[in-house]
Amino acid sequence: MTHFTERVKDAVKKIPAGRVATYAQVAACAGNHRAARQVAWVLHSSSRKHGLPWQRVINSRGRISLKPGQGYERQKALLKNEGIVFGEDGSIDLERYLWKPNVGE
DNA sequence: AACCTGACTTCGG
DNA sequence: TCCGAAGCCAGGT
């Protein structure tokens with residue numbers, strides 16, 4: 001595991017409940033904003049172990065990347081449980097819920 | 001080392 | 001808004 005992967009996990013853990021972060025944002029925190037895909041891989045690989053609030057990581061469009069039946073509903077339920085409100089099209093208002101690193105921490 | 005893969009992102013059409 | 005193509009990164013085989 002590279003240092004980057006560890007940083008990704010650490011960054012994800014920092015995301016506070018009720019907030020969300022994009023893959024690119026997490027990647028940036030880990031050192032490479034271009035490694036968004038790798039972030040997805042890490043989550044997919046580590047989510048099994050609990051410990052990671054993977055549900056708080058969404059794509060740049062403010063929507064869940066998982067497909068229905070592939071975890072979409074599960075993630076949506078977890079986020080709603082944290083107080084996040086979804087649009088009728090299943091989108092999340094990033095202006096309101098996006099995690100702001102350095103702010104409030 | 002080479003090739004494949006993925007919960008991505010951006011740009012065009 | 002949807003679809004396809006291209007770029008990008010690191011781990012797994």
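A quick note: this is a predicted structure, and the numbers were derived from the prediction, not measured. Chain letters run A, B, ... following the sequence lines, proteins first and then strands; every chain starts at 1.
Within the 4.0 Å cut-off from OP1 or OP2 of C/dA10, not a single side-chain nitrogen or oxygen of A/Thr2 is found. Between A/His44 and the phosphate of B/dA7, there is a side-chain N or O to OP1/OP2 separation shorter than 4.0 Å. Side-chain N/O atoms of A/Ser60 include one lying less than 4.0 angstrom from OP1 or OP2 on B/dT10. Contact annotation: A/Thr5 side-chain N/O to C/dA10 OP1/OP2 distance is not under 4.0 Å.
Across all strands, A/Arg63 comes closer than 4.0 Å only to sugar-phosphate atoms, never to a base (heavy-atom distances). Counting non-hydrogen atoms under 4.0 angstrom, A/Arg34 reaches the backbone sugars and phosphates but no base.
Atoms CD (A/Gln25) and P (B/dA7) sit 20 Å apart, rounded to a whole Å. Remark: P of B/dG6 and CG of A/Leu66 are 13 Å apart, rounded to the nearest angstrom. Counting to the nearest Å, the C1' atom of C/dC9 and the OH atom of A/Tyr23 are 15 Å from each other. Atom CZ of A/Arg7 and atom C1' of C/dG11 are 19 Å apart (whole Å). Rounded to a whole Å, the CZ atom of A/Arg61 is 12 Å from the C1' atom of B/dA7. The distance between atom CD1 of A/Ile58 and atom C1' of B/dG6, rounded to the nearest whole Å, is 18 Å. To the nearest angstrom, P of B/dT9 lies 14 Å from CD of A/Gln38. Here the C1' atom of nucleotide C/dG11 and the CG atom of A/Leu43 are 14 Å apart, to the nearest Å.
Proximity of a side-chain donor or acceptor of A/Tyr97 to a complementary backbone N or O of A/Val85 within less than 3.5 Å is detected. Put simply, the side chain of A/Asn32 never gets that close to the backbone of A/Arg34: no donor and acceptor are under 3.5 Å apart. Side chain of A/Arg63 to main chain of A/Ser91: no donor-acceptor pair is present (N/O by atom type, distance under 3.5 Å, no hydrogens or angles).
Nearest to the side chain of A/Trp41, among B/dT9, C/dA10, C/dG12, sits C/dG12.
With hydrogens and angles ignored, no donor-acceptor pair closer than 3.5 Å exists between the side chain of A/Arg37 and the base of C/dG11.
A distance of 11.0 Å separates CG of A/Leu66 from CD of A/Gln55, quoted to the nearest 0.5 Å.
We find that A/Arg56 and A/Glu82 are joined by a salt bridge, their nearest charged nitrogen and carboxylate oxygen being less than 4.0 Å apart.
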